[in-house]
Enquirer: 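Got a structure here, written out as structure tokens. Questions coming.
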Amino acid sequence: MSASPSGHGTSRTRSWWGWGYADSHPDDAECVAMGALLPGTLARPLPIPRVADLAIARPGVTPPSSLAHLVSTDPGVRAAHAMGKAYRDIIRALRGKPGRIPDLVARPTDDREVADLLDWAGGQGVAVIPFGGGSSVVGGVEYRGDTHRAVLSLDLTSMDRVLEIDTVSRSARIQSGALGPVLEEQLRPHGLTLRHFPQSFEFSTLGGWLATRAGGHYATGRTHIDDFVQSLRVVTPAGSSTSLRLPASGAGPSPDRLFLGSEGVLGVITEAWMRLQERPRHKASASVAFADFTDALEAVRVIAQSDLSPANCRLLDPGEALLSGASRDGSSVLVLGFESATGRVDDRLASALELARAHGGRVGAPTANGGTAPAEGDVPADAAVSAWRSAFLRMPYLRDGLARMGAVVDTFETAATWDRIPALIDAVRTEVGSAALKATGHPATVNCRLTHVYPDGAAPYFTVAVAGRPGEEVGIWDDIKAVASDVLHRHRATITHHHAVGRDHRPGYDLQRPEPFALALRAAKDALDPHHILNPGVLID
């Protein structure tokens with residue numbers, strides 16, 4: 001099993017301040033070596049922060065005796081629930097300024113306890129921040145402000161069971177606090193899988209995926225968690241909501257759509273019926289190198305508009321390919337992968353490679369597998385694909401290492417229609433690079449990859465790295481983020497494709513959202529959360 005930020009379910013210790021497990025972070029020597037690649041970084045890494053060095057105030061409120069057994073006031077537990085895992089969060093922790101630390105952390109075990117906690121908090125003016133794995137990178141699980149008497153972090157990870165499996169309809173009723181590995185372990189004996197593997201898979205929960213409309217690893221087809229939902233159960237301060245479990249319905253606006261992506265501001269998702277799939281047995285993959293990134297974009301568009309539906313269709317620009325080890329000759333690299341539970345996929349891969357060749361692609365040696373997959377999301381691959389996958393899983397840890405060297409390192413993602421993609425990518429590279437240079441005095445690296453592709457568009461994902469100024473990293477990050485958000489808005493691209501809105505993307509979301517919809521959302525908030533205690537400041541005021 002995996003773990004919550006307090007170590008729930010495993011003997012390994014989760015880092016309270018950084019990504020993942022504490023024993024997987026780069027050591028000082030590796031941090032220094034990475035810092036040497038960015039001129040202007042620190043000579044020595046910032047020390048790993050300690051909870052003992054934080055100024056943690058006494059809780060501003062005491063729960064009633066009927067709820068006391070669910071609540072912790074331990075400083076380490078509270079610190080681990082103070083924020084998510086964005087660069088902004090990491091550098092604040094490294095600088096000893098993690099923001100408002102919750103007064104209490106509660107771990108309910110069923111719906112009744114969730115309802116009781118919400119009822120008490122509403123009466124006491126206590127803000128409630130729903131918390132899954134804590135992997136938010138948009139400020140989605142922290143409290144900002146001072147309008148509430150106290151802050152309660154509502155950790156759902158004790159509600160982590162697969163309650164029921166319908167093998168005939170191929171679906172399961174699952175509690176929302178199940179972390180990715182915990183969920184899959186319970187489905188595996190039935191030969192089934194949810195097949196949703198975000199980069200945060202190990203450290204995020206089903207409820208978090210639903211509340212943020214998370215995107216998974218797979219590039220086409222069912223890319224978002226929305227596509228897997230049959231029904232939801234949600235506990236709100238105004239009562240509980242359970243939608244009818246159906247394969248499809250045309251009966252008015254969907255109740256599930258009200259809560260999918262609501263980021264905990266309307267209620268707490270406690271369980272869901274989810275569509276499952278047979279575990280894939282047949283896999284094939286290959287990489288394709290392109291001398292020209294524009295040709296690569298066109299090849300990906302053609303593949304996305306075919307009926308081939310690759311499981312992986314990830315395009316890396318030259319900088320991203322170099323960073324991941326997929327290419328060292330300045331080529332862009334397309335990572336292609338196919339999988340199936342019922343039949344071999346070699347022909348589909350061959351057809352995709354022909355399309356890539358027609359646009360100037362140089363194909364690596366394809367590999368295939370007719371046996372059982374060794375792990376979730378694991379596609380047998382040539383060297384470039386293997387290098388990319390290793391870098392993909394390691395990257396958040398390396399980001400934290402660069403943060404210790406005083407670098408400003410972050411990612412942001414978006415989506416736009418194909419006709420806008422080339423100009424959008426060029427504008428982000430140019431304007432974000434210029435903003436980073438202006439803010440720091442140092443040249444920045446701005447890389448791009450496509451993570452998801454659709455017949456009508458794609459989701460570019462950008463990585464920005466630049467040496468910061470000691471003590472001013474958060475301000476620099478804010479400046480760069482503001483410029484990036486402006487570029488996205490001008491090019492009619494979404495403020496987020498799969499990382500959610502949280503507090504960091506709120507200005508961009510306000511621009512993207514139609515005002516009549518904002519009016520309806522505010523009315524829903526007033527009706528379901530009359531005391532406005534749920535995740536204040538997210539999505540709406």
Side-chain angles (χ1 to χ4, degrees), residues 138 215 219-220 223-224 288-306 310 313-324 326-327 330-336 355-356 358-361 410-439 443-466 477 479-499 501 504-505 507-514:
V138 293
T220 67
T223 61
H224 276 72
V288 186
F290 292 85
D292 185 90
F293 185 70
T294 301
D295 291 341
L297 281 175
E298 185 65 9
V300 172
R301 182 186 67 80
V302 171
I303 292 170
Q305 292 177 344
S306 72
C313 186
R314 198 157 305 220
L315 176 61
L316 317 178
D317 75 1
E320 193 76 14
L322 177 63
L323 187 65
S324 68
S327 173
S331 297
S332 299
V333 174
L334 172 60
V335 178
L336 281 170
L355 293 175
H359 290 83
D410 208 359
T411 62
F412 64 95
E413 32 71 60
T414 185
T417 51
W418 280 115
D419 60 314
R420 299 179 184 277
I421 288 292
L424 170 65
I425 293 175
D426 287 345
V428 168
R429 286 172 174 159
T430 300
E431 296 186 42
V432 171
S434 295
L437 177 61
K438 179 179 179 181
T445 296
V446 184
N447 295 332
C448 176
R449 64 180 183 266
L450 299 189
T451 61
H452 302 75
V453 295
Y454 306 93
D456 53 346
Y461 190 108
F462 298 93
T463 301
V464 183
V466 64
W477 180 91
D479 292 343
I480 294 172
K481 189 75 169 180
V483 170
S485 298
D486 179 67
V487 174
L488 299 184
H489 179 65
R490 284 191 285 107
H491 285 262
R492 301 185 64 80
T494 181
I495 190 63
T496 177
H497 173 262
H498 60 265
H499 278 168
V501 175
D504 296 338
H505 287 158
Y509 178 66
D510 287 349
L511 291 173
Q512 178 177 327
R513 175 188 58 198

Enquirer: Below 4.5 Å, heavy atoms only, C-beta onward: do Glu413 and Thr451 meet side chain to side chain?
Expert: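 Glu413 vs Thr451: side chains apart.
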Enquirer: How close do His491 and Ala427 get, heavy atom to heavy atom, and via which atoms?
Expert: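 Minimum heavy-atom contact is NE2-CB, 3.4 Å.
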Enquirer: Tell me, please, which residues at least two apart from Arg429 pass side chain to side chain contact (heavy atoms under 4.5 Å, CB included).
Expert: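 If we apply the side chain to side chain contact (heavy atoms under 4.5 Å, CB included) test to Arg429, skipping adjacent residues, the hits are Phe293, Asp317, Ile425, Asp426, Val446, Cys448.
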Enquirer: With a 4.5 Å limit on heavy-atom distance, are the side chains of Pro422 and Thr294 in contact?
Expert: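 A side-chain contact under 4.5 Å is absent here.
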Enquirer: Would you name the heavy atoms of Pro460 and Ala415 that are closest together and state the gap between them?
Expert: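 Smallest interatomic distance, heavy atoms only, reads CD-CA, 4.1 Å.
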Enquirer: Do you know the tightest heavy-atom contact between Cys313 and Val300?
Expert: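 Closest approach of Cys313 to Val300, heavy atoms only: SG-CG1, 4.0 Å.
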Enquirer: Hey, mind stepping through Leu424 and Leu488 against side chain to side chain contact (heavy atoms under 4.5 Å, CB included) and telling me if it holds?
Expert: CA-CA 7 Å; Leu424 170 65; Leu488 299 184; 3.9 Å; yes
Enquirer: Which residues pass the ring pair (Phe, Tyr, Trp, His ring centres under 6.0 Å) test with Tyr454, not counting sequence neighbours?
Expert: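 Per chain and number, Tyr454 pairs via ring pair (Phe, Tyr, Trp, His ring centres under 6.0 Å) with His497.
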Enquirer: Any pair with a residue in residues 456-465 that passes salt bridge (charged side-chain N to carboxylate O under 4.0 Å, His left out), sequence neighbours left out, goes on the list, sorted by first then second residue, please.
Expert: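 Every candidate salt bridge (charged side-chain N to carboxylate O under 4.0 Å, His left out) pair involving residues 456-465 fails, so no pair, neighbours aside, qualifies.
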Enquirer: Under the rule for side chain to side chain contact (heavy atoms under 4.5 Å, CB included), what residues qualify as partners of Asp410, not counting sequence neighbours?
Expert: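 Asp410: side chain to side chain contact (heavy atoms under 4.5 Å, CB included) contacts with Tyr87, Trp477.
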Enquirer: When you measure from the side chain of Thr414 to the backbone N and O of Thr494, does any donor-acceptor pair fall under 3.5 Å?
Expert: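 The answer is yes, because a donor-acceptor pair under 3.5 Å joins these two groups.
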Enquirer: Any idea which heavy atoms bring Ala458 and Ile421 closest together, and the distance?
Expert: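 Shortest heavy-atom contact: O-CD1, 3.8 Å.
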Enquirer: To the nearest 0.5 angstrom, please state how far the OG atom of Ser332 sits from the CG atom of Leu322.
Expert: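 Going from OG on Ser332 over to CG on Leu322, the span is 11.5 Å.
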Enquirer: List the steps and the verdict of side chain to side chain contact (heavy atoms under 4.5 Å, CB included) for Val432 and Ile480.
Expert: CA-CA 6 Å; Val432 171; Ile480 294 172; 3.9 Å; yes
Enquirer: A quick test of your reading: do over 12 heavy atoms of other residues, nucleotides or ligands sit less than 6.0 Å from CZ of Arg490?
Expert: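 Yes, enclosed.
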Enquirer: May I have the step-by-step check of side chain to side chain contact (heavy atoms under 4.5 Å, CB included) for Ile303 and Val453, ending in yes or no?
Expert: CA-CA 9 Å; Ile303 292 170; Val453 295; over 6 Å; no
Enquirer: Does any N or O in the side chain of Ser434 come within less than 3.5 Å of the main-chain N or O of Glu431, such that one atom is a donor and the other an acceptor?
Expert: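 It does not hold such a pair.
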Enquirer: How long is the straight-line distance from NE2 of His359 back to CG of Leu334, given to the nearest 0.5 Å?
Expert: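 Between Leu334 CG and His359 NE2, I get 12.0 Å after rounding to 0.5 Å.
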Enquirer: Taking the six-membered ring for Trp, is the centroid-to-centroid distance between His499 and His505 below 6.0 Å?
Expert: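 Centroid distance His499-His505: not below 6.0 Å, so no.
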Enquirer: Looking only at heavy atoms, which two atoms of Pro310 and Thr220 are closest? And how far apart?
Expert: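 In this case the closest contact between Pro310 and Thr220 is O-OG1, 2.5 Å.
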Enquirer: Should His452 and His498 count as side-chain neighbours, where that means a heavy-atom distance under 4.5 Å?
Expert: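 Yes, their side chains come closer than 4.5 Å.
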Enquirer: Once side chain to side chain contact (heavy atoms under 4.5 Å, CB included) is applied, do any residues pair with Ser485, and if so which ones, sequence neighbours excluded?
Expert: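 Ser485 satisfies side chain to side chain contact (heavy atoms under 4.5 Å, CB included) with Lys481, Ile495 once adjacent residues are dropped.
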Enquirer: State, to 0.1 Å, how close Ala493 and Ala416 come at their nearest heavy-atom pair, and which atoms those are.
Expert: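 Closest approach of Ala493 to Ala416, heavy atoms only: CB-CB, 4.0 Å.
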Enquirer: What distance separates Asp419 CG from Arg301 CZ, expressed to the nearest 0.5 Å?
Expert: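 Between Asp419 CG and Arg301 CZ, I get 10.5 Å after rounding to 0.5 Å.
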Enquirer: For Phe412, check ring pair (Phe, Tyr, Trp, His ring centres under 6.0 Å) against everything at least two apart and list the hits.
Expert: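 Phe412 satisfies ring pair (Phe, Tyr, Trp, His ring centres under 6.0 Å) with Phe462 only.
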Enquirer: Which of these, Leu450, Asn447, Leu315, sits in a side-chain contact (heavy atoms from CB on, under 4.5 Å) with Glu320?
Expert: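 By the side-chain contact (heavy atoms from CB on, under 4.5 Å) criterion, Glu320 pairs with just one of Leu450, Asn447, Leu315: Asn447.
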